[in-house]
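Below: the structure, in structure tokens.
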Amino acid sequence: MLLTRHDVERLPVKDVLAALQRQPHPPGLVREAVELLLHRCAAERALPQAHQLHALMLATGALRSRYLSNKLVQAYGQCGDVESAHAVFACQPDPNVFSWMMLISACLRNALPRAALGHYRAMQLRGCHPDAHVVSAIFCAVADTANLELGRSITAPLASTAMLHDPVVANSLLNMYRRCGGMDDFERAFWAMPSRDEVSWTTMLAGRIQCGREASALELLRVMDQDGFRITSALTFATLVDACGNLSAIAQGRHLHDRIITSGVCIDVVLHTALLNMYAKCGRVDEARELFDQTLEPNNITFSSMVVAYARNGHFGDALKLFWSMEQDGYKPDSVTFTHVLYACSHGGFVDQAWHYFTTLEPDRGIPLVAEHFGCAVDLLARAGWLADAEKFLNRMPIPPDSVSWMSLLQACRIHRNVEIGARAAEHVFRLAPHRAGPYSLLSNIYSDAGKWDMAAKVQKLMRDRGIKKPGGRSWIEINGKTSEFIVGDSWHPDLVQICQEIQRVSKVMKEHGYVPDTKQVLHDAEEEEKEDILYFHSEKLAIGLGLIKTPPKTTISIVKNIRVCPDCHTAAKVISKVTERKIVIRDINLFHHMEDGKCSCRDYW
DNA sequence: GTAGGGTTAG
């Protein structure tokens, strides 16, 4: 029986194919059917049917049409068969710019950026001029390779053409610079754009967040507003929300949340979860939970977000309870979920639980163990003080331990004051993360805690000799929607005098409560009294000082720090929480410290 | 007649 157009549209792909193979059909209908079926194969990622279609096209001569041949290349690309895509392309006697585009996009879609770039060169050698579509695809290919020099060399010959004026090309170029880490080119390209649309702005925001310049990302929001730019996409808002979370800028975050609601943008699960994470990163667990409860269609990411929200904020038991309810409700935890669960276990001291999950993850759940899981296991052993076991474990891991895992051990060695293992752990971190200053400071502290001043000095000299600079301690505090930054040793602030007076006043009370400044934390060669002064100028203390004078009594003080909080500041902040009857939340590079009535949620282990 | 941009949530 002959097919009708109606059949071709309605019947399953395989039935149409079978009918076409069984008996000849009018060429017009075959052509039409082939085109439609190619489209359906591509949409359904149905590779076997694509192969059958290919055969049919050969048999019926449909493949002689360059148009249909291009469509077949496209379908193969979408079905993940680049080889077949290339084979079809190679049979074309006279490929046009579309043909090349299909081939290039097949490579891109299947993570073969180098091949895409090779075809780009080949097309030019064969005299086919790339258009804006091809060029934007090629910028994506360069972005995938993260090769900035390559990007520059490909862009240079295009600079004199009108190509870069195309808005899509310009945005792809911008994103290429971002993903290749060429942040100067990135900024320059952005400001040189003749016009910027929402994609340009979002790319810009993401770029600044990516390199830790969240504050300047939020400044862009002001520029956008001044330009009268209307944000219409949830993605743009999610990016901005992310910046607020990273800065723990709760007032700006809340303001943004209101604005999202009034903007009428559809708050999809992604944006909703971004907001949840923002509150969590601002230490507002209750508000995060509120959003979690309001989630219309939660998924495993929503659950995992809330699990880690609890865990990072010191609510380890709640994190585990939520995880159990997640499983009960039938949501399927994945590898990332278990990273959070193990984190909650190890920080909360649930050793048996942790080992249970760690050992059953692969055999019972089929979730492969990854570096993060091993890191948690190391942390677990090290926290319990089983440093030698932790070291043995690291040396016998089936995947080579990363610098983070060795750092866990090194940190544990500081807490448990183990010089020998600490020195070995530090060596590993030096090797695996040669530019990090953290391990040098930790090792030096371990030595000075043990009274080995000469060794401590040696480590510091080694650090200097290797040209490694300690990132200056920075702290942020947001007051009335404005973020103030304090940098250790360079803290200019209009209220500095008042802040220092407040710190001195409070420290008197603190000393009455038994606080002794831990001047060992000051590595300079200085008098004791001077060392105390240096401690007072640690950025987190200044930030707390500002919080004390600028916010009403009993208001929670929230600080963000760019490195780990120093042990003296940690002790001091705990005492301040007691003597001033304020909650103090410090988010450092690793975790939250919720301090209240002289105690910290981290249980003095960080 | 075919094709190109922000991977955004743990």
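Throughout, a chain's letter reflects where its sequence line sits, starting with A, and its residues are numbered from 1.
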Practice task
Tell me, please, which residues at least two apart from A/Tyr343 pass side chain to side chain donor-acceptor pair (under 3.5 Å).
Solution key: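 In terms of side chain to side chain donor-acceptor pair (under 3.5 Å), with neighbours along the sequence ignored, A/Tyr343 is linked to no residue.
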Practice task
Applying side chain to side chain donor-acceptor pair (under 3.5 Å), name anything that partners A/Ser105, two or more places apart in sequence or on another chain.
Solution key: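 Partners of A/Ser105 by the side chain to side chain donor-acceptor pair (under 3.5 Å) criterion come out as none, since no residue qualifies.
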Measure [atom1]/[X] against [atom2]/[N] and give the value in whole Å, please.
X        : N     : atom1 : atom2 : answer
A/Leu205 : B/dA9 : CG    : P     : 12 Å
A/His133 : B/dG4 : NE2   : C1'   : 6 Å
A/Gln78  : B/dT2 : CD    : P     : 15 Å

Problem - NZ/NE/NH1/NH2 to OD/OE distance under 4.0 Å, A/Arg254 and A/Asp258 - result: no
Problem - A/Asp225/A/Arg259 salt bridge by N-O under 4.0 Å criterion - result: yes
Can you pull out the residues from [range] that lie within a 4.0 Å heavy-atom distance of DNA chain B?
range                       : value
residues 139-165 of chain A : A/Cys140
residues 251-269 of chain A : A/Val269
residues 184-194 of chain A : none
residues 28-57 of chain A   : A/Arg31, A/Glu35

Sugar-phosphate, base or nothing in reach of [X], heavy atoms under 4.0 Å:
X        : value
A/Ser172 : sugar-phosphate
A/Thr203 : sugar-phosphate
A/Thr337 : base

Pair of N/O donor and acceptor under 3.5 Å linking [N] base with [X] side chain:
X        : N     : answer
A/Thr236 : B/dG6 : yes
A/Asn70  : B/dA3 : no
A/Thr202 : B/dG6 : yes

Handout entry: Modelled atom types, side-chain donor and acceptor of A/Thr337 and A/Asp334, under 3.5 Å
Key =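 Indeed, the side chains of A/Thr337 and A/Asp334 share at least one donor-acceptor pair under 3.5 Å.
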Exercise for the section: Find out whether A/Leu174 and A/Phe186 are in side-chain contact, i.e. whether some heavy atom of one side chain is under 4.5 Å from a heavy atom of the other. Expected result: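 A/Leu174 vs A/Phe186: side chains touch.
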Completion exercise
Looking only at B/dG4, B/dG10, B/dG6, the nucleotide nearest the A/Val168 side chain is B/dG4
